[in-house]
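Below is one structure, written out as structure tokens, with a few remarks after it.
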Amino acid sequence: MAGGGIDFEAEHWLARHWLRLRQRAGTFTEGQRMMLREGEEQLRGRALVLVFYLLFVALLTWL
């Protein structure tokens, strides 16, 4: 049973996104490649956000 809220919405969006990605891929192998590429892009983006956050916190503590 789903409780709703922002976590549910995010999970639902992500599931729809992955389904669309797999449908566009055509073959299983191409779907796997697309999912790996998508994961790498997300990892880079999250790492970048983490770096900016750490710089922001360091700046705030320095001031």
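Reckoned from all heavy atoms, side chains included, excluding hydrogens, waters and symmetry mates. None of the values given here were measured: they were computed from a predicted structure.
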| query | Among Glu40, Glu41, Met35, which residue meets the side-chain contact (heavy atoms from CB on, under 4.5 Å) test with Glu38? | reply | Glu41
| ILVMFWY cluster, Leu43 and Leu54 together (side-chain gap under 4.5 Å) | no
| task | First locate atom OG1 of Thr29, then atom CE of Met34, and finally report the distance between them rounded to the nearest 0.5 Å. | result | 13.0 Å
| Other than Phe56, what residues sit in its cluster of Ile, Leu, Val, Met, Phe, Trp and Tyr side chains whose heavy atoms are under 4.5 Å apart, directly or through others? | Leu60
| remark: Contacts of Glu30 meeting salt bridge (Lys or Arg N to Asp or Glu O under 4.0 Å) (sequence neighbours excluded), chain-then-number -> Arg33, Arg37
| Quick one: CG on Leu48 to CZ on Arg46, what's the gap to the nearest 0.5 Å? | 13.0 Å
